[in-house]
**Student:** 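This is the structure I want to talk about, given as structure tokens.
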Amino acid sequence: MKKIEAIIKPFKLDEVKEALHEVGLQGITVVEAKGFGRQKGHTELYRGAEYVVDFLPKLKLEIVLSDEQCESALEAIQEAARTGRIGDGKIFVTDVEEAIRIRTGETGREAI
């Protein structure tokens, strides 16, 4: 099993969710996050004063899936989340040793 963690722009959520649904994925966790990478934030003007916004709003998606589904899910996320501009985000993939469904006690692939 694999865990995909994707950091995306908030307005891309619906497109990514739809793309994942089309490749057969059902479960996804979305967490609101703030951060910055190479874009290093931006400057804004508020009541005549200029200030730097270091941490930009992002969404962190977490998906646990079978090894077979991983490649298609990665492609779907990349295509749906891409704007071509700096700050599109990142995707991280890690191995998952075990998964347990609390309600039924199912483990492994049956739990996801």
Side-chain angles (χ1 to χ4, degrees):
M1 293 178 292
K2 301 285 187 195
K3 178 179 183 181
I4 296 175
E5 294 179 78
I7 311 298
I8 65 169
K9 292 183 175 186
F11 66 88
K12 286 294 198 171
L13 178 61
D14 287 336
E15 292 175 51
V16 171
K17 184 177 77 169
E18 215 31 63
L20 290 171
H21 183 70
E22 287 176 14
V23 296
L25 289 171
Q26 297 173 353
I28 182 173
T29 300
V30 178
V31 180
E32 290 184 14
K34 291 184 182 236
F36 66 91
R38 288 185 182 161
Q39 74 191 110
K40 298 189 178 52
H42 63 276
T43 305
E44 287 190 6
L45 202 60
Y46 180 72
R47 293 190 178 183
E50 193 174 274
Y51 67 100
V52 176
V53 178
D54 287 336
F55 294 99
L56 301 172
K58 302 288 183 181
L59 292 179
K60 179 180 179 183
L61 313 180
E62 296 182 0
I63 308 154
V64 177
L65 61 165
S66 67
D67 292 341
E68 298 80 31
Q69 294 176 302
C70 190
E71 196 60 43
S72 61
L74 289 172
E75 289 174 14
I77 294 168
Q78 287 180 72
E79 289 301 315
R82 181 179 295 128
T83 66
R85 296 190 306 270
I86 194 165
D88 275 351
K90 298 243 183 349
I91 302 174
F92 306 99
V93 181
T94 55
D95 288 318
V96 174
E97 291 185 30
E98 185 63 86
I100 302 168
R101 186 185 311 267
I102 295 173
R103 179 176 54 87
T104 62
E106 294 171 296
T107 60
R109 289 179 59 174
E110 290 78 34
I112 57 174

**Student:** Do you know which two heavy atoms are closest between A19 and A80, and how far apart they sit?
**Tutor:**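 Result for this residue pair: CB-CB, 3.9 Å.
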**Student:** Would you sort out whether L13 and L61 count as a side chain to side chain contact (heavy atoms under 4.5 Å, CB included), showing the intermediate values?
**Tutor:** CA-CA 9 Å; L13 178 61; L61 313 180; 3.8 Å; yes
**Student:** Which atom pair, heavy atoms only, marks the closest approach of G24 to Q69?
**Tutor:**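 Looking at all heavy atoms of both residues, the shortest contact is O-NE2, 3.8 Å.
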**Student:** Does one hydrophobic cluster hold both F92 and L20, with members joined at side-chain heavy-atom distances below 4.5 Å?
**Tutor:**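 No; tracing contacts between hydrophobic side chains, which count when under 4.5 Å, never links both residues.
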**Student:** Group every Ile, Leu, Val, Met, Phe, Trp and Tyr by side-chain heavy-atom contacts under 4.5 Å, then state whether V30 and I4 land in the same group.
**Tutor:**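 Yes, V30 and I4 fall within the same hydrophobic cluster.
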**Student:** Quick check on E32: does its CD atom have over 12 non-hydrogen neighbours (other residues, nucleotides or ligands) under 6.0 Å away?
**Tutor:**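 Open: at most 12 neighbouring heavy atoms sit under 6.0 Å from CD of E32.
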**Student:** Counting only N and O atoms by type, is there a donor-acceptor contact under 3.5 Å from the side chain of R101 to the main-chain atoms of E110?
**Tutor:**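 Yes.
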**Student:** From E15 CD over to R82 CZ, what is the distance, rounded to the nearest 0.5 angstrom?
**Tutor:**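 One finds 12.5 Å between CD of E15 and CZ of R82.
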**Student:** Check the surroundings of atom CD in Q26: do more than 12 heavy atoms from other residues, nucleotides or ligands lie under 6.0 Å from it?
**Tutor:**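 Atom CD in Q26 is not crowded, with 12 or fewer foreign heavy atoms closer than 6.0 Å.
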**Student:** For residues K58 and K9, determine if any side-chain heavy atom of one lies less than 4.5 Å from a side-chain heavy atom of the other.
**Tutor:**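 Of all side-chain heavy-atom pairs linking K9 with K58, at least one is under 4.5 Å.
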**Student:** Give a yes or no on whether I28 and V96 share a hydrophobic cluster (residues Ile, Leu, Val, Met, Phe, Trp, Tyr; joining criterion: side-chain heavy atoms under 4.5 Å apart).
**Tutor:**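 Unlinked, I28 and V96 end up in two clusters.
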**Student:** Closest heavy-atom contact between P10 and P57?
**Tutor:**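 Result for this residue pair: CD-O, 3.5 Å.
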**Student:** Let me know which of T94, I63, L65 forms a side chain to side chain contact (heavy atoms under 4.5 Å, CB included) with K3.
**Tutor:**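 Of the listed options, the one satisfying the test is T94.
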**Student:** So which heavy atom on V93 is nearest to which on C70, and how close?
**Tutor:**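 In terms of heavy atoms, the two residues are closest at CG1-SG, 4.0 Å.
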**Student:** Testing V31, I8, V16 one by one against L59 for a side chain to side chain contact (heavy atoms under 4.5 Å, CB included), which residue passes?
**Tutor:**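 Of the listed residues V31, I8, V16, the side chain to side chain contact (heavy atoms under 4.5 Å, CB included) partner of L59 is I8.
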**Student:** Please say yes or no: joined through hydrophobic side-chain contacts below 4.5 Å, possibly via intermediate residues, are M1 and I77 part of one cluster?
**Tutor:**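 No, M1 does not connect to I77 through the hydrophobic network.
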**Student:** Between D88 and T83 (side chain of the first, backbone of the second, donor and acceptor by atom type, cut-off under 3.5 Å), is there such a pair?
**Tutor:**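 Yes, the answer is positive, given that a donor and an acceptor are paired below the 3.5 Å cut-off.
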**Student:** Mind listing the closest non-hydrogen atom pair of L25 and A73 along with its distance?
**Tutor:**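 Nearest pair, atom of L25 first, then A73: CD1-CB, 3.5 Å.
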**Student:** Say whether I91 and L56 are linked into one hydrophobic cluster, either directly or through other cluster members, by side-chain heavy-atom distances under 4.5 angstrom.
**Tutor:**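 No, I91 does not connect to L56 through the hydrophobic network.
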